[in-house]
Amino acid sequence: MEQKSDVDARRRVWMKRGAVAGLALTFVAVTAIVAPRVQARGGLGGVPSGKGANCGGAFADDFAALSAVAREAEQKPQSQSWVYAIRTTATYECLSYAGDGNVRRVRRKALAHGTGFGYRQQNGETYILTNQHVAEWPPVTDDEHKVEDVPPGCKRVSDALKIVESERDTYDRDDIPLQRVVTDRSMDMAVLKAHALLPILPWKVGRSADLKERNVVDVRGFPLGAFKATNVGKVVSTYDHDDEKDWDHVDFVVDAQLSPGNSGSPVLAVSCRTGEFELVGVYHAGYAGNTPLNVVVAIDQVRDMMTTLKKSARRERGEVSSLDRKARTRLFSGLEGTIDPFFPFDGAVAVARPRSDGALVFEVMSPAFPVRSTPALVVEDLAEGSGEVYGELGRVWVGGRFGLKAYPKGGLDADGQALVERVLDGLRANAGLALELRAAQGQASRDREHYEHMGKLERQLRRASAAQTDLASSLTDLVERLSPKVGEATVGLSEAFAPPAPPPAGKNVAQGPGMTEAPPQPETPAR
């Protein structure tokens, strides 16, 4: 029996040996896509609508429900010409130190193949749907975003996409370049564009919500990137919430035998009403362990992106709500009276507290916390931003073994100021997610929906925190450089929770080293 630990890490994106596959869909209307398609007058050529051939719902359990017209159309040479092999390449730059201490730059190339299909023609161009992991390589390699033969810590400096015959195609004169139009990481979907008129999906887009277990499916793509192939299978589960890696969307599960390179393949079902194929999903990943189960992105959630060519408005995992005035108001109100204002920042504990004048005070504790209670960094977030701006960076305190050293507003050098502002944005975002999570925890016992929402927010917060490793490392360097040394003046944490006193009359607000008194103003002559 498979253990739960294996189940939790069951899914993987096929990347090895051209394993990324792109899927292209055809969509011309908001509710259905109808490219040039064969239609029969006065009937379906032999199969009564909704009767026989295991047609107990919207889609058939047997390919016998396929109409004679559809069968004839599928026999034509162009029946699969709308499905394409996509070659995706990238160049990464990897930095290291040579024996003489100089920085060495080494470039490594990555190549993979996937599947894509055209779904719309417009203004002499063809739009192609595929997986996001086919269309985009990771900007930087790390433990969660691996690229074969490229070590962690390398930066992508260039990439390219094009349609080819197969992975063995070395003649590039007839390759068709592709351009990214929109990508959605959480849904693992992307729309590409070719500056040419190419064949597109000849069937309408169906409703994946109407699928039932045991419905038959037809999957078309380029397994291993080696050749064009069709696989068939059945729906074994109509719902699987996919939250592996960066994903956060709804899948259904099929038992069709698919391979690396099939990612992005169109998944078709047979309509019981028309006897024709309908697009119901896009294959994007398989289960680990050589199981015959594969997950398909349900097409209902892709429709808007296909028509508007814009990313879904929902939040992706690891992303946060817009950092605007409304978000600040929610956080400030939520923190009032809170007894556990803690949240993670990389591997550290952070705290957010409201202040009587409307400011927020953020603390990042040192790695020695709670043995050492002095924060490594304290930041004053003033509510003085104009318009919809979240807030404004105020005073900063840097902590060490000897206490806190105060830096007035604007008192850091340019690099330090920029870094602390980036840290502050991360703290704001994490604190907002943590507040949402606290509220969701209070509702989690109501029903499964609220319980799963709590789990989703918890994963978002963990991922957002984990993405701040480089920022936290830079902050550690800053704290080591600016923390108080022996003999330097230090202050207590209470200073951060006391609103700053107004500047003396006739003087500028302290802005750091080099600031002087305001120049004297001429007296107004007596009348």
Side chains of [X] and [Y]: closer than 4.5 Å at any heavy-atom pair?
| X | Y | value |
| --- | --- | --- |
| L427 | F343 | yes |
| R180 | L192 | yes |
| V302 | M187 | yes |
| T91 | V157 | yes |

Quick one: does [X]'s side chain have a donor or acceptor within less than 3.5 Å of a partner on [Y]'s backbone?
| X | Y | value |
| --- | --- | --- |
| T469 | A466 | yes |
| S265 | N262 | yes |
| N131 | D188 | yes |
| D159 | L161 | no |
| R395 | A406 | no |
| D324 | K326 | yes |
| S465 | L461 | no |
| N231 | Q257 | yes |
| D447 | E449 | yes |
| D240 | F252 | no |

[X]-[Y] side chain donor-acceptor pair, cut-off 3.5 Å:
| X | Y | value |
| --- | --- | --- |
| R438 | Q441 | no |
| D477 | S474 | no |
| D248 | Q460 | no |
| D340 | T338 | no |

From CA spacing to verdict: side chain to side chain contact (heavy atoms under 4.5 Å, CB included), L475, L377: CA-CA 9 Å; L475 176 60; L377 179 74; 3.7 Å; yes
For a quick test of reading the model, state the closest non-hydrogen atom pair linking [X] to [Y] and the distance between them.
| X | Y | value |
| --- | --- | --- |
| G358 | A383 | O-CB, 3.4 Å |
| L404 | P375 | CD2-O, 3.8 Å |
| P138 | Y92 | O-OH, 2.6 Å |
| P152 | D143 | CG-OD1, 4.4 Å |

For R207 and D300, what are the C-alpha separation, side-chain angles and deciding distance, and is it a side chain to side chain contact (heavy atoms under 4.5 Å, CB included)? CA-CA 6 Å; R207 281 177 43 84; D300 288 352; 4.1 Å; yes
Could you check whether atom [atom1] of [X] has more than 12 heavy atoms from other residues, nucleotides or ligands sitting under 6.0 Å from it?
| X | atom1 | value |
| --- | --- | --- |
| Y451 | OH | no |
| R214 | CZ | no |
| D470 | CG | no |
| R481 | CZ | yes |

Test log, rule side-chain hydrogen bond (donor to acceptor under 3.5 Å, both in side chains), inputs T88 and W137: CA-CA 9 Å; T88 171; W137 294 85; 2.6 Å; yes
R120 charged N/C atom sitting above Y127 aromatic ring, 6.0 Å / 45°: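 R120 over Y127 ring: yes.
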Quick one: do S208 and D210 satisfy side-chain hydrogen bond (donor to acceptor under 3.5 Å, both in side chains)? Show the steps, please. CA-CA 5 Å; S208 52; D210 292 337; over 6 Å; no
State plainly whether the residues [X] and [Y] are in salt-bridge range, i.e. N to O under 4.0 Å.
| X | Y | value |
| --- | --- | --- |
| R185 | E136 | no |
| E363 | R353 | yes |
| K310 | D304 | no |
| E436 | R330 | no |
| R428 | D381 | yes |

So L382 and R355, side chain to side chain contact (heavy atoms under 4.5 Å, CB included) or not? Walk me through it. CA-CA 10 Å; L382 302 173; R355 202 170 65 188; 3.9 Å; yes
Nearest-0.5 Å distance, [atom1] of residue [X] to [atom2] of residue [Y]:
| X | Y | atom1 | atom2 | value |
| --- | --- | --- | --- | --- |
| L435 | F332 | CG | CZ | 12.5 Å |
| M454 | R459 | CE | CZ | 9.5 Å |
| T490 | F402 | OG1 | CZ | 10.0 Å |

Determine, stepwise, if the pair K234 / E213 fulfils salt bridge (Lys or Arg N to Asp or Glu O under 4.0 Å). CA-CA 7 Å; K234 289 196 176 245; E213 294 175 7; over 6 Å; no
Parallel, tilted or perpendicular, as decided by the 30° and 60° cut-offs, for the rings of H284 and H133: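 Correct class here is tilted.
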